[in-house]
J.: 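Let me begin by handing over the structure; questions about it come next.
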Amino acid sequence: MLGGGKMKGGDAVSGGGGSSNISPMVSFLLGAAVATVCVLFFMSASPGRSLVDVAAWSHNNGTAAQHHHHLRSVADDADAARNLSVVVVAAPAPAPVQASPYGDLEEVLARAATADRTVIMTQINAAWTKPGSLLDLFFESFRTGEGGVARLLDHLVIVTMDPAAYAGCQLVHPHCYFLRTTGVDYRGEKFFMSKDYLEMMWGRNKFQQTILQLGYNFLFTDVDVMWFRDPFKHISMGADIAISSDVFMGDPYSLGNFPNGGFLFVRSCNKTIEFYRHWQAGRYRFFGKHEQDVFNLIKHEMTDRLGVAIQFLDTTYISGFCQLSRDLNKICTLHANCCVGLGAKLHDLRNVLDVWRNYTAAPVPDKRAGKFQWKVPGICIH
């Protein structure tokens, strides 16, 4: 019985202890609810406050004055942000693209050049682009040539002197350049040593200097030069300038040879660019002379001063009417030099191509036997 009474008392004690444990829990929950209501009321009264601000405030261990100062700073920052005027600074305009003074020349050169930046160049006007004229004969010589010479047309830049020549060039060739000039009408034939002829020759010389300054080597060929074989194999690697000869004396490095600027190879380097500057100055130093004569007059002085190596090309291979090679097994190019007048050049070069076509069609033993000779005399060829 005593034991049962104790249990009862115990139960009574336990029941009283349970009420004592629940009361603090209820108090905590009620306190938390009141705090939440206060926070929500605070936020609704001050919409500028954010949850982040409140969280910072609730976790700050500072005094009430510090809390108030922090909240005031946050509110001020928010107000300032709302009132801030955004200033948009326009990006600077891109620099204008400078047009090349040479038009599309650099693009044409890049397309036509070999891997070592070498181009072949010729220069024409409208008179030479008419059907059956010099440009047609020029192309035919490449196409009937030997040893793959036709592939060199891929590296040929045709410089045209008038709009009609440019339009004609574009019909037959991919690498055409229109050299715009003033003061001279280049459409017609220019007679040897006339004022317009001299202007054309010196303009050509200046343009060649431009090619060197752009970093390209060039082999310039007159359009009245027939190409039968690759001439590059006869140009020395040690030559800064290789030029054809009106008269070849036997030694390719003798300055006693007589040059012809109608077939001219020049490597781009400081020496040759400086050589061209002096060559151009010679136009006024030796007034009235054309560029080929001035080259002959300054060649000694310039080789001594600049150390330019000049090779004169053997007329056995790089030939012309002035000193004709009669060995068709060796000849690479044939120039209608020492010949005045478009009609005379056309007459003789057509005969030259007739002989060449017969030669290339012949059996090898007949070629080696030397049975083929040029038709001489012609108007100029002899």
Side-chain angles (χ1 to χ4, degrees), residues 100-103 105-106 108-110 112-114 116-123 155-161 177 179-184 186 197-223 225 231-232 235-246 252-253 255 257-313 318 335 337:
S100 169
Y102 312 114
L105 174 60
E106 292 169 272
V108 174
L109 292 173
T114 62
D116 69 346
R117 295 175 66 85
T118 298
V119 294
I120 303 167
M121 292 194 307
T122 194
Q123 185 171 312
H155 307 295
L156 172 69
V157 174
I158 299 179
V159 181
T160 61
M161 304 301 294
Y177 177 68
L179 179 60
R180 290 168 173 80
T181 56
T182 57
V184 179
Y186 286 107
Y197 173 87
L198 291 174
E199 194 66 36
M200 183 170 67
M201 291 297 101
W202 281 110
R204 182 178 82 179
N205 183 265
K206 182 66 175 176
F207 182 71
Q208 291 172 352
Q209 180 181 337
T210 297
I211 302 301
L212 298 176
Q213 290 171 333
L214 290 173
Y216 288 89
N217 317 308
F218 68 81
L219 196 168
F220 178 83
T221 171
D222 275 339
V223 75
V225 175
F232 281 98
I235 296 173
S236 170
M237 291 296 293
D240 298 311
I241 297 172
I243 190 167
S244 62
S245 310
D246 276 347
Y253 290 99
L255 295 177
N257 294 298
F258 291 88
N260 187 296
F263 193 90
L264 170 68
F265 175 80
V266 186
R267 298 186 198 280
S268 176
C269 62
N270 291 335
K271 288 189 294 185
T272 56
I273 292 170
E274 190 63 22
F275 182 95
Y276 262 80
R277 290 194 181 104
H278 287 280
W279 196 356
Q280 275 286 311
R283 177 182 185 179
Y284 307 101
R285 181 180 169 192
F286 305 102
F287 187 76
K289 299 285 186 181
H290 64 67
E291 94 295 347
Q292 185 171 296
D293 286 341
V294 172
F295 181 99
N296 209 35
L297 290 167
I298 68 171
K299 61 187 180 183
H300 293 273
E301 177 187 352
M302 289 300 104
T303 52
D304 290 343
R305 180 187 297 186
L306 301 175
V308 175
I310 301 175
Q311 176 192 5
F312 293 85
L313 296 168
I318 313 301
H335 188 188
N337 54 9

J.: With a 3.5 Å distance limit and no angle check, can you tell me whether Q311 reaches the backbone of A239 through a side-chain donor-acceptor pair?
T.: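 Side chain of Q311 to backbone of A239: no pair is present.
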J.: Show the numbers, then the answer: is there a side chain to side chain contact (heavy atoms under 4.5 Å, CB included) between D246 and Q292?
T.: CA-CA 11 Å; D246 276 347; Q292 185 171 296; 3.3 Å; yes
J.: For residues V294 and N205, determine if any side-chain heavy atom of one lies less than 4.5 Å from a side-chain heavy atom of the other.
T.: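 When only atoms from C-beta onward are counted, N205 and V294 do not touch, as no gap falls below 4.5 Å.
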J.: Measure across N296 and P259 and return the closest heavy-atom pair with its distance rounded to 0.1 Å.
T.: OD1-CD, 3.2 Å
J.: Tell me yes or no: between the side chains of N217 and D116, is some donor less than 3.5 Å from an acceptor?
T.: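 No, because no side-chain N or O of N217 sits under 3.5 Å from a partner of the opposite role on D116.
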J.: Below 4.0 angstrom, N of the basic side chain to O of the carboxylate: do D222 and R204 qualify?
T.: yes
J.: Between S268 and G215, which heavy-atom pair has the shortest distance, and what is it?
T.: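 Heavy atoms of S268 and G215 come nearest at OG-CA, 3.6 Å.
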J.: Is the number of heavy atoms from other residues, nucleotides or ligands within 6.0 Å of CZ (F232) greater than 12?
T.: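 Count over threshold, so yes.
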J.: For the atom pair CZ (R180) and OG1 (T160), what is the distance rounded to the nearest 0.5 Å?
T.: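 R180 CZ to T160 OG1: 8.5 Å, rounded to 0.5 Å.
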J.: Which pair of non-hydrogen atoms, one from G288 and one from L198, has the smallest distance, and what is that distance?
T.: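 What the structure gives for the nearest pair is O-CD1, 4.0 Å.
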J.: Please check this pair: side chain of H155 against backbone of V119, looking for a donor-acceptor N/O pair closer than 3.5 Å.
T.: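 Checked: no pair found.
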J.: Enter the distance from Y177:OH to L109:CG here, rounded to the nearest 0.5 Å.
T.: 9.0 Å
J.: Nearest 0.5 Å, what's the CG-CD distance between L255 and E301?
T.: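 The CG atom of L255 sits 12.5 Å away from the CD atom of E301.
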J.: Taking C-beta and beyond as the side chain, do Y216 and M121 meet within less than 4.5 Å on heavy atoms?
T.: no
J.: Quick check: do M200 and H290 have side-chain heavy atoms less than 4.5 Å from each other?
T.: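 M200 vs H290: side chains apart.
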J.: Does the T221 side chain pair with the main chain of T122, one donor and one acceptor, at a distance under 3.5 Å?
T.: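 Side chain of T221 to backbone of T122, a donor-acceptor pair under 3.5 Å: no, none is there.
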J.: Give me the atom names and distance for the closest heavy-atom approach of L219 to P231.
T.: CD1-CG, 4.4 Å
J.: Which distance, rounded to the nearest 0.5 Å, do you find between the CD1 of I243 and the CG of L313?
T.: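 With rounding to 0.5 Å, CD1 (I243) is 8.5 Å from CG (L313).
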J.: Is any side-chain heavy atom of Q123 closer than 4.5 Å to one of V223?
T.: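 Answer no - side chains too far apart.
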J.: Less than 4.5 Å apart, side chain to side chain, heavy atoms only: is that true for I298 and R285?
T.: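 The answer is yes; the side chains approach within 4.5 Å.
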J.: Report the distance from atom CG of L264 to atom OG of S244, rounding to the nearest 0.5 Å.
T.: 7.5 Å
J.: Could K271 and E274 be called an ion pair, given the rule that one side-chain N must be under 4.0 Å from one carboxylate O?
T.: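 Judged by the 4.0 Å cut-off on N to carboxylate O distance, K271 and E274 do not form a salt bridge.
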J.: Using distance only, find each side-chain donor-acceptor pair of residues 206-214 under 3.5 Å and give its atom names and separation, not counting sequence neighbours.
T.:
from, atom 1, to, atom 2, distance (Å)
Q208, OE1, Y276, OH, 2.8
T210, OG1, K206, O, 3.4

J.: If every non-hydrogen atom of G238 is compared with every non-hydrogen atom of A309, which pair is closest and at what distance?
T.: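 Smallest heavy-atom distance, with atoms named: O-CB, 3.5 Å.
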J.: For residues H300 and T303, report the shortest heavy-atom separation together with the two atoms involved.
T.: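 Looking at all heavy atoms of both residues, the closest pair is O-OG1, 2.9 Å.
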J.: Evaluate the side-chain proximity of F263 to I318: yes if any heavy-atom separation is below 4.5 Å, no if none is.
T.: yes
J.: Looking at R267 and T272, would you say the former's side chain and the latter's main chain have a donor-acceptor pair under 3.5 Å?
T.: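 Checking the backbone N and O of T272 against the side chain of R267, no donor-acceptor pair under 3.5 Å is found.
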J.: Measure the spacing between CH2 of W202 and CD of Q280 and express it to the nearest 0.5 Å.
T.: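 So the CH2 of W202 and the CD of Q280 are separated by 6.0 Å.
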J.: Looking at S245 and F312, would you say the former's side chain and the latter's main chain have a donor-acceptor pair under 3.5 Å?
T.: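 Between the backbone of F312 and the side chain of S245 there is no qualifying donor-acceptor contact (under 3.5 Å).
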J.: Would F286 and F295 count as a ring-ring contact (aromatic ring centres under 6.0 Å, His included) if you check the C-alpha gap in whole Å, the side-chain angles of each, and the deciding distance to 0.1 Å?
T.: CA-CA 11 Å; F286 305 102; F295 181 99; over 10 Å; no
